[in-house]
**Q** 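What follows is a structure written as structure tokens; I'll ask about it next.
In each ligand, atom 1 is the first atom listed, and ligand 1 is the first ligand listed.
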Amino acid sequence: MIYTVTFNPCLDYIVRVPFFEPGAVNRSEFEDVFPGGKGINVSIVLKNLGVDNVALGFTAGFTGREIERAVGEAGCKTDFIRVENGMSRINVKLKAQVESEINGRGPRLGGEDLRKLYEKLDVLGKGDFLVLAGSIPDTLPGDVYESILRRLQGRGIRFVVDATKDLLKNVLKYHPFLIKPNHHELGELFGVAVTDGDEIAGYAGKLQELGARNVLVSMAGDGALLKTEDGSVYKSPAPKGKVINSVGAGDSMVAGFLAGYLQTGNLQTAFRMGVAAGSASAFSERLATKEEVHRLLAAM
Ligand SMILES: Nc1ncnc2c1ncn2[C@@H]1O[C@H](COP(=O)(O)OP(=O)(O)O)[C@@H](O)[C@H]1O
Ligand SMILES: O=P(O)(O)OC[C@H]1O[C@](O)(COP(=O)(O)O)[C@@H](O)[C@@H]1O
């Protein structure tokens, strides 16, 4: 079974204005609200692609109830832990002359909440995948991803981590099956700016030296690169299309990769499916459907 954990789920509030004027009353021409947070997005796209999974994480307040309802409506199994302090965040995605985001802080989580999560994770075993994705609320220790991998190592679970900075770097020694930084996050890990494909493959290799097995680097409209554990490097341009809403494109890529890998056991096929799923979500208002992913895949 695939389990995803979203420490800080949210409602993504997409609002589009023709031109955003700071300090003025702006009127939107389009708005939409849907559940988000990286693990949740992975869960929804996996489900869309026909892969059963369980979404874990923490929810709070009325926004938390809506997240639970909407993720359930998307067909995912959920096993969220309800938290009493505060409310799940509403992340604002403002589409105007430029795109801006305000991601909230989320509820305050404590040691007891973490203990409940560990209890749920203790049932995982051989053959399971665990996806840890997204930021953690600042009330939690910064080594929480590392603590989870340390606790679960040696049980035959394959870990997938989509996180930034130390949250990602510190888990590498536990040999995650897949990590997916974007090229900015990859550069940030080494204090450099990377754009060139060879350079990206080089830094992906450095993450492997630190312990990562397969490194998938996304580059938004410039496509993606995969460096596999056997040393192969695959590159793909992004499929052509009109970008409508790229929120969740990275998460969709992780889901596409996992679905492709589970269906074929082949890393190159998984990579192609990841690219197709990422772009299919970028080309649609919400997260990609199976039909949208397969349409792009057929044209790649
Ligand atoms: N503007 C775009 N045009 C086409 N495909 C895109 C675009 N933005 C994202 N994608 C697809 O989604 C994948 C992940 O996007 P990216 O923005 O790099 O991830 P993240 O959201 O994690 O930063 C890309 O590798 C690409 O396949
Ligand atoms: O946990 P973080 O880093 O604040 O990110 C949360 C945001 O990222 C998203 O999961 C989208 O992520 P991607 O665009 O990277 O796929 C949104 O749904 C959510 O608002």
**Q** Taking distance alone, with N or O pairs closer than 3.5 Å, would you say Ser246 contacts ligand 1?
**A** no
**Q** Identify the protein heavy atom lying closest to atom 26 (C) of ligand 1, giving its residue, its atom name and the separation to 0.1 Å.
**A** Ala220 O, 3.4 Å
**Q** With no hydrogens and no angle check, is any side-chain donor or acceptor of Asp113 less than 3.5 Å from a backbone partner on Gly110?
**A** yes
**Q** Give, for atom CG of Asn245 and atom NZ of Lys95, the distance between the pair rounded to the nearest 0.5 Å.
**A** 4.0 Å
**Q** How far is atom 19 (O) of ligand 1 from the closest protein heavy atom, and which atom is that?
**A** Ser218 OG, 3.3 Å
**Q** Under 3.5 Å, is there a donor-acceptor pair linking the side chains of Lys165 and Asn170?
**A** no
**Q** Numbering the atoms of ligand 2 from 1, which are under 4.0 Å from a heavy atom of Gly250?
**A** 16 (O)
**Q** Using a heavy-atom cut-off of under 4.0 Å, does the side chain or the backbone of Lys93 touch ligand 2, or both, or neither?
**A** side chain
**Q** Got the closest protein heavy atom to atom 2 (P) of ligand 2, with its distance?
**A** Ser135 OG, 3.3 Å
**Q** Write out the residue and atom name of the closest protein heavy atom to atom 23 (O) of ligand 1, then the distance separating them to 0.1 Å.
**A** Asn182 ND2, 2.9 Å
**Q** For ligand 2, which atoms have a heavy atom of Gly134 less than 4.0 angstrom away?
**A** 1 (O)
**Q** Ignoring hydrogens and angles, tell me if any N or O in the side chain of Asn182 forms a donor-acceptor pair with the backbone of Glu185 under 3.5 Å.
**A** yes
**Q** For atom 10 (O) of ligand 2, which of Asp251, Ile136, Ile44 has the closest heavy atom?
**A** Asp251
**Q** Kindly work out whether a path of hydrophobic side-chain contacts (I/L/V/M/F/W/Y, heavy atoms less than 4.5 Å apart) joins Leu56 to Leu167.
**A** yes
**Q** Which atoms of ligand 2 are found less than 4.0 Å from any heavy atom of Ala249?
**A** 14 (O), 16 (O)
**Q** Working to the nearest 0.5 angstrom, can you tell me the gap between Phe177 CZ and Leu130 CG?
**A** 13.5 Å
**Q** List the closest protein heavy-atom neighbour of atom 12 (O) of ligand 2: residue, atom name, distance to the nearest 0.1 Å.
**A** Lys38 NZ, 2.8 Å
**Q** Could you tell me, atom by atom, which parts of ligand 2 come under 4.0 Å of a heavy atom of Gly36?
**A** 18 (O)
**Q** May I ask you to list the atoms of ligand 1 that are less than 4.0 angstrom from any heavy atom of Val243?
**A** 1 (N), 2 (C), 3 (N)
**Q** My understanding is that only one of Asp196, Asp222, Asp198 makes a salt bridge (Lys or Arg N to Asp or Glu O under 4.0 Å) with Lys235; could you say which?
**A** Asp198
**Q** So, 4.0 Å and heavy atoms of Asn8: is ligand 2 close enough to count as a contact?
**A** no
**Q** Can you find an N/O atom of Pro239 closer than 3.5 Å to an N/O atom of ligand 1?
**A** no
**Q** State the atoms of ligand 1, each with its element, that fall below the 4.0 Å cut-off from a heavy-atom position in Phe283.
**A** 3 (N), 4 (C)
**Q** Heavy-atom pairs closer than 4.0 Å: do any link ligand 1 to the side chain of Ala238, the backbone, both, or neither?
**A** side chain
**Q** For Ser252, which part has a heavy atom under 4.0 Å from ligand 2: side chain, backbone, both, or neither?
**A** neither
**Q** Exactly one of Asn53, Asn48, Thr78 should register a side-chain hydrogen bond (donor to acceptor under 3.5 Å, both in side chains) with Ser43. Which one does?
**A** Asn53
**Q** Indicate, as side chain, backbone, both or neither, the part of Asp12 found under 4.0 angstrom from ligand 2 when only non-hydrogen atoms are considered.
**A** side chain
**Q** Give yes or no for whether the N/O distance cutoff of 3.5 Å, strictly under, is met between Cys10 and ligand 2.
**A** no
**Q** Could you tell me whether Arg16 and Glu285 make a salt bridge, using a distance below 4.0 angstrom between a side-chain N and a carboxylate O?
**A** yes
**Q** On the six-membered ring of Tyr118, is Arg151 placed so that its NZ or CZ lies under 6.0 angstrom from the centre and within 45° of the ring axis?
**A** yes
**Q** Considering only non-hydrogen protein atoms, determine which one is nearest to atom 14 (O) of ligand 2 and report residue, atom name and distance to 0.1 Å.
**A** Gly248 N, 2.9 Å
**Q** Considering only non-hydrogen protein atoms, determine which one is nearest to atom 21 (O) of ligand 1 and report residue, atom name and distance to 0.1 Å.
**A** Gly250 N, 3.3 Å
**Q** Does any N or O atom in Gly37 lie less than 3.5 angstrom from one in ligand 2, N or O only?
**A** yes
**Q** Could you tell me whether a side-chain N or O of Glu68 sits under 3.5 Å from a main-chain N or O of Arg65, the two making a donor and an acceptor?
**A** no
**Q** May I ask you to identify the nearest protein heavy atom to atom 27 (O) of ligand 1, giving residue, atom name and distance to one decimal place in Å?
**A** Ser279 OG, 3.1 Å
**Q** May I ask you to list the atoms of ligand 1 that are less than 4.0 angstrom from any heavy atom of Gly221?
**A** 1 (N), 2 (C), 3 (N), 7 (C), 8 (N)
**Q** Could you tell me if Lys77 sits above the aromatic ring of Tyr3, with its cationic atom closer than 6.0 Å to the ring centre and no more than 45 degrees from the axis?
**A** no
**Q** Side chain or backbone, does Gly223 bring an N or O within less than 3.5 Å of an N or O on ligand 1?
**A** yes
**Q** Is it the case that atom CZ in Arg115 sees more than 12 heavy atoms from other parts of the structure closer than 6.0 Å?
**A** yes
**Q** Heavy-atom contact under 4.0 Å between Lys180 and ligand 1?
**A** yes
**Q** Using only atom types and a distance under 3.5 Å, with no angle test, would you say the side chain of Arg105 pairs donor to acceptor with the backbone of Asp138?
**A** no
**Q** Would you check if the side chain of Glu29 reaches a backbone N or O of Val17 as a donor-acceptor pair within less than 3.5 Å?
**A** no
**Q** Within the supplied structure, the quantity of interest is the number of heavy atoms (other residues, nucleotides, ligands) at a distance under 6.0 Å from Arg69 CZ; does it exceed 12?
**A** yes
**Q** Have a look at ligand 2 and work out which part of Arg89, if any, has a heavy atom under 4.0 Å from it: side chain, backbone, both or neither.
**A** side chain
